[in-house]
Amino acid sequence: MIAFVSGPVAALTPTLAVIEVGGVGMAVQCTPNTIAGLRVGEPARLATSLVVREDSLTLYGFADDDERQVFELLQTASGVGPRVAQAMLGVHSPDALRAAFAAGDAKALTAVPGIGPKGAQKLLLELKGKLGAPAAPVLGAQRAAASAPAPWTEQLTAALIGLGYASREADDAVSAVTPQAEAAIAAGGSAPVPQLLRAALQSLNRAR
């Protein structure tokens with residue numbers, strides 16, 4: 001198993017980082033939040049998990065070992081593959097997921113693209129207690145979540161800044177796609193961050 005990769009960042013996309021390791025570019029799938037902490041040309045260290053399939057070898061990267069551990073534990077639930085596990089970490093931090101499972105908060109899980117109410121209830125049953133206790137009290141975590149900005153806005157802003165856009169440009173792009181996000185939420189779904197990121201990039205390209 002490849003436990004981590006370390007080296008200069010050679011390239012970034014909204015979902016992938018290329019880390020140069022010994023002259024070889026390692027393609028690592030990452031959440032927007034992880035991408036946001038990287039800069040091309042600067043050194044980086046990502047905890048990694050290698051997912052082996054018959055036709056592919058995919059390396060998933062994380063900001064720290066805790067994220068990687070939660071990523072792997074999430075996949076012990078039936079029906080949860082690496083993409084769903086990564087999507088869960090793209091919406092919630094490891095501790096927020098622990099708080100959600102400890103509180104039986106199905107609504108927090110349905111905020112993840114691809115997880116509906118029935119799937120959330122199933123995950124709560126299968127994973128309750130497996131992720132461990134949250135570092136902060138569950139009630140405190142819920143209050144913090146209630147007062148914080150919508151998760152999708154933070155993810156989108158972080159991803160755009162990670163791709164090299166200035167904070168003001170990122171804020172303008174988030175504002176441009178806010179109606180699209182609100183429409184998706186009003187329809188009973190969640191804000192589709194990958195689609196919103198593509199739309200935000202298009203709006204930035206038109207503005208230049």
Side-chain angles (χ1 to χ4, degrees), residues 13-16 29-36 49 51 53 55-56 58 60-63 66-134 136 138-159 174 177-201:
T13 76
T15 59
L16 183 121
Q29 296 286 332
C30 302
T31 66
N33 287 337
T34 300
I35 293 290
S49 180
V51 175
R53 296 287 185 264
D55 58 348
S56 66
T58 305
Y60 290 83
F62 310 92
D66 187 32
E67 279 195 358
R68 178 184 61 197
Q69 182 181 27
V70 170
F71 172 79
E72 293 173 349
L73 286 171
L74 290 171
Q75 292 177 75
T76 63
S78 59
V80 177
R83 292 187 181 277
V84 173
Q86 189 180 53
M88 293 173 75
L89 285 165
V91 174
H92 299 294
S93 69
D95 216 43
L97 284 172
R98 293 188 183 99
F101 282 103
D105 187 356
K107 186 176 180 180
L109 298 183
T110 58
V112 179
I115 298 180
K118 290 184 179 179
Q121 291 295 340
K122 184 179 178 183
L123 287 173
L124 288 174
L125 289 173
E126 290 194 37
L127 294 174
K128 186 175 178 64
K130 285 191 175 182
L131 302 187
V138 173
L139 181 59
Q142 290 174 333
R143 286 175 177 170
S147 61
W152 72 266
T153 64
E154 294 182 332
Q155 295 170 48
L156 196 55
T157 300
V174 169
V177 300
T178 293
Q180 181 179 337
E182 291 177 343
I185 294 169
S190 58
V193 175
Q195 292 93 322
L196 292 172
L197 181 56
R198 286 194 289 271
L201 290 171

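The first residue in the sequence is number 1, and the count goes up from there.
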Self-check item: Passing option when V91 is tested against I115, L97, V112 for side-chain contact (heavy atoms from CB on, under 4.5 Å)
Solution: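 Output: one option passes, namely V112.
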
Would you be so kind as to tabulate the donor-acceptor pairs closer than 3.5 Å made by side chains of residues 118-125, with sequence neighbours excluded?
{"from": "K122", "atom 1": "NZ", "to": "S78", "atom 2": "OG", "distance (Å)": "3.3"}

Kindly give the heavy-atom pair with the smallest separation between [X] and [Y], and that separation in Å.
X    : Y    : result
A77  : E126 : CA-OE1, 3.3 Å
A158 : A36  : O-CB, 2.8 Å
L131 : L73  : CD2-CB, 3.7 Å
L89  : T31  : C-CG2, 4.2 Å
A85  : L74  : O-CD1, 3.8 Å
T110 : K107 : OG1-O, 2.8 Å

Quiz item: Could you give all pairs that pass the ring pair (Phe, Tyr, Trp, His ring centres under 6.0 Å) test and reach residues 71-98, with sequence neighbours left out?
Solution: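 Sorted result for residues 71-98: Y60-F71, F62-F71.
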
Quiz item: Donor-acceptor pair, Q155 side chain versus G90 backbone, under 3.5 Å?
Solution: yes

Practice problem: Please confirm whether the backbone N or O of Q86 pairs with a side-chain atom of Q29, one donor and one acceptor, at under 3.5 Å? | Solution: no

Exercise. Using the side chain to side chain contact (heavy atoms under 4.5 Å, CB included) rule, take V70 and M88 through it: C-alpha gap first, then chi angles, then the decisive distance, then the call.
Key: CA-CA 10 Å; V70 170; M88 293 173 75; over 6 Å; no

Self-check item: L127 CG to R98 CZ distance, which is reported to the nearest 0.5 Å
Solution: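 The CZ atom of R98 is 12.5 Å from CG of L127, to the nearest 0.5 Å.
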
Exercise. Determine, stepwise, if the pair T58 / R53 fulfils side chain to side chain contact (heavy atoms under 4.5 Å, CB included).
Key: CA-CA 8 Å; T58 305; R53 296 287 185 264; over 6 Å; no

Quiz item: Does any non-hydrogen side-chain atom of V177 lie less than 4.5 Å from one of Q195?
Solution: no

Quiz item: With E72, which residues qualify under side-chain hydrogen bond (donor to acceptor under 3.5 Å, both in side chains), at least two apart?
Solution: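 E72 satisfies side-chain hydrogen bond (donor to acceptor under 3.5 Å, both in side chains) with S49 once adjacent residues are dropped.
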
